[in-house]
Amino acid sequence: MTNEQYAEEQANEIEILQSIYPAELELLSTSPHSFSITIPVDEEDVRPCTLQLAVTYTAQYPDELPDFSITLKDQDDAPPLAETDAELAASDLDDLTAATRALAEDTRGMAMVFAMASNLREIAGQRLVQKTDDLKRKRELRIQKEIEADQAKFVGTPVTPENFAEWKRRFDQEMEAETAGAEEGADERGVRRAGRAEGKLTGRQLFEQNQDLATSDSSYVNDGDTSVDASSFSRQPDQSDSD
């Protein structure tokens, strides 16, 4: 095939592509033929995105592969990302480029750009669906763990013969320690009370042991007052005692 034939075939393909993508194809140059195609990816339940396939024909295209690149177009009006919204990353674009190149190799010798663009839209949608499903599963797992954690707050440790026996042993030890401490404290308080009672004299005993108590206030006795003999207060035997 001559260069003129290659150029004619390339021009024919661009004309067909312009009819398929009237708004999406942008012609960049004619020598060599260079253009870009905007490819929207809007699968159901997937955050939409837009890819751009840029193509430049080589001199002997389609017997040679065209130069091409795949980029992700910015979307200024895109809503904020939700927890389950997936996006294409740089690694995804590398995978899409490799898959597109493999398709071009398989269709070498034929007009291939439409197939490249169509396949790109399909595999990009599949990648977004897969990533979205992964995010949904992670979200469901997170919610399930949160529910289980909340439920665990209201569920005690299951009682088994083993852990009940261990609890009973610790409980008995604590009760024995408390009882021993209470008894020891009671004994100490009893000893202190007994000691105080044993060493304390009654008022009569103090009076009888110290006769000075009877006269210690004599300086306060006025003329004409009657003196009191302390010995007169010694206990006299009752008539009932002599009986």
Report the distance from atom [atom1] of [X] to atom [atom2] of [Y], rounding to the nearest 0.5 Å.
X	Y	atom1	atom2	answer
Arg139	Asp134	CZ	CG	15.0 Å
Gln18	Ile37	CD	CD1	10.0 Å
Gln126	Glu43	CD	CD	8.0 Å
Met110	Glu9	CE	CD	11.0 Å
Gln52	Glu24	CD	CD	11.5 Å
Phe114	Leu17	CZ	CG	8.5 Å

For [X] and [Y], work out which heavy atoms get closest and say how close.
X	Y	value
Ala111	Pro62	N-CB, 4.3 Å
Leu128	Val46	CB-CG1, 3.4 Å
Pro32	Thr56	CG-CG2, 4.0 Å
Arg47	Pro80	NH1-O, 3.5 Å

Only counting residues at least two apart or in another chain, list the ones meeting salt bridge (charged side-chain N to carboxylate O under 4.0 Å, His left out) with [X].
X	result
Glu105	Arg108
Glu146	Arg142
Asp42	Arg121
Glu166	Arg169, Arg170

ask   = Which side chain to side chain donor-acceptor pair (under 3.5 Å) pairs, counting each pair once, include a residue from residues 93-102, with sequence neighbours left out?
value = Asp95-Arg127
[X]: what forms a side-chain contact (heavy atoms from CB on, under 4.5 Å) with it, not counting sequence neighbours?
X	value
Ala89	Ser91, Asp92, Lys131
Thr30	Leu27, His33
Thr160	Glu162, Asn163

request  = For Ile39 and Thr50, run side-chain contact (heavy atoms from CB on, under 4.5 Å): C-alpha distance rounded to whole Å, both residues' side-chain angles, the deciding distance at 0.1 Å, then the answer.
outcome  = CA-CA 6 Å; Ile39 304 173; Thr50 302; over 6 Å; no
In the structure I gave you, are the side-chain heavy atoms of [X] and [Y] within less than 4.5 Å of one another anywhere?
X	Y	answer
Leu88	Val41	no
Met112	Leu65	yes
Leu93	Thr71	no
Glu87	Cys49	no
Leu96	Ile123	yes
Asn12	Glu8	yes

message = Hydrophobic cluster membership, with links at side-chain heavy-atom distances under 4.5 Å among I/L/V/M/F/W/Y: are Leu103 and Ile70 in one?
response = no
Common cluster, Leu81/Val129, ILVMFWY with side-chain heavy-atom separation under 4.5 Å = no
task = Please confirm whether the backbone N or O of Ile16 pairs with a side-chain atom of Ser19, one donor and one acceptor, at under 3.5 Å?
result = yes
query = Any sub-3.5 Å donor-acceptor pair from Thr2's side-chain atoms to Gln5's backbone N or O?
reply = yes
message = Under a 3.5 Å threshold, yes or no: a donor from one side chain and an acceptor from the other, between Gln144 and Glu148?
response = yes
note = For residues 2-25, the ring pair (Phe, Tyr, Trp, His ring centres under 6.0 Å) pairs (sequence neighbours left out) are none
query = Which pairs, with at least one residue in residues 126-153 and sequence neighbours excluded, count as a ring pair (Phe, Tyr, Trp, His ring centres under 6.0 Å)?
reply = none
message = The test is side-chain contact (heavy atoms from CB on, under 4.5 Å); show your working for Lys145 and Leu141 and say whether it passes.
response = CA-CA 6 Å; Lys145 288 183 177 180; Leu141 181 60; 4.0 Å; yes
query = Where do Leu25 and Ile20 land on the side-chain contact (heavy atoms from CB on, under 4.5 Å) test, with the steps shown first?
reply = CA-CA 9 Å; Leu25 188 145; Ile20 298 174; over 6 Å; no
task = List in chain and number order the residues that pass ring pair (Phe, Tyr, Trp, His ring centres under 6.0 Å) with Tyr57, two or more places apart in sequence or in another chain; answer none if no residue qualifies.
result = Phe35, Tyr61
query = So, Lys168 and Asp172, do they make that salt bridge, N to O below 4.0 Å?
reply = yes
remark   = Tracing side-chain contacts under 4.5 Å among Ile, Leu, Val, Met, Phe, Trp and Tyr outward from Ile147 reaches Ile143
inquiry  = So if I apply the side chain to side chain contact (heavy atoms under 4.5 Å, CB included) rule between Val55 and each of Pro66, Ser36, Ser34, which one comes out positive?
reply    = Pro66
inquiry  = Working note: Val113 + Glu13, criterion side-chain contact (heavy atoms from CB on, under 4.5 Å); need CA distance, chi angles, decisive distance, verdict.
reply    = CA-CA 8 Å; Val113 175; Glu13 183 179 19; 3.5 Å; yes
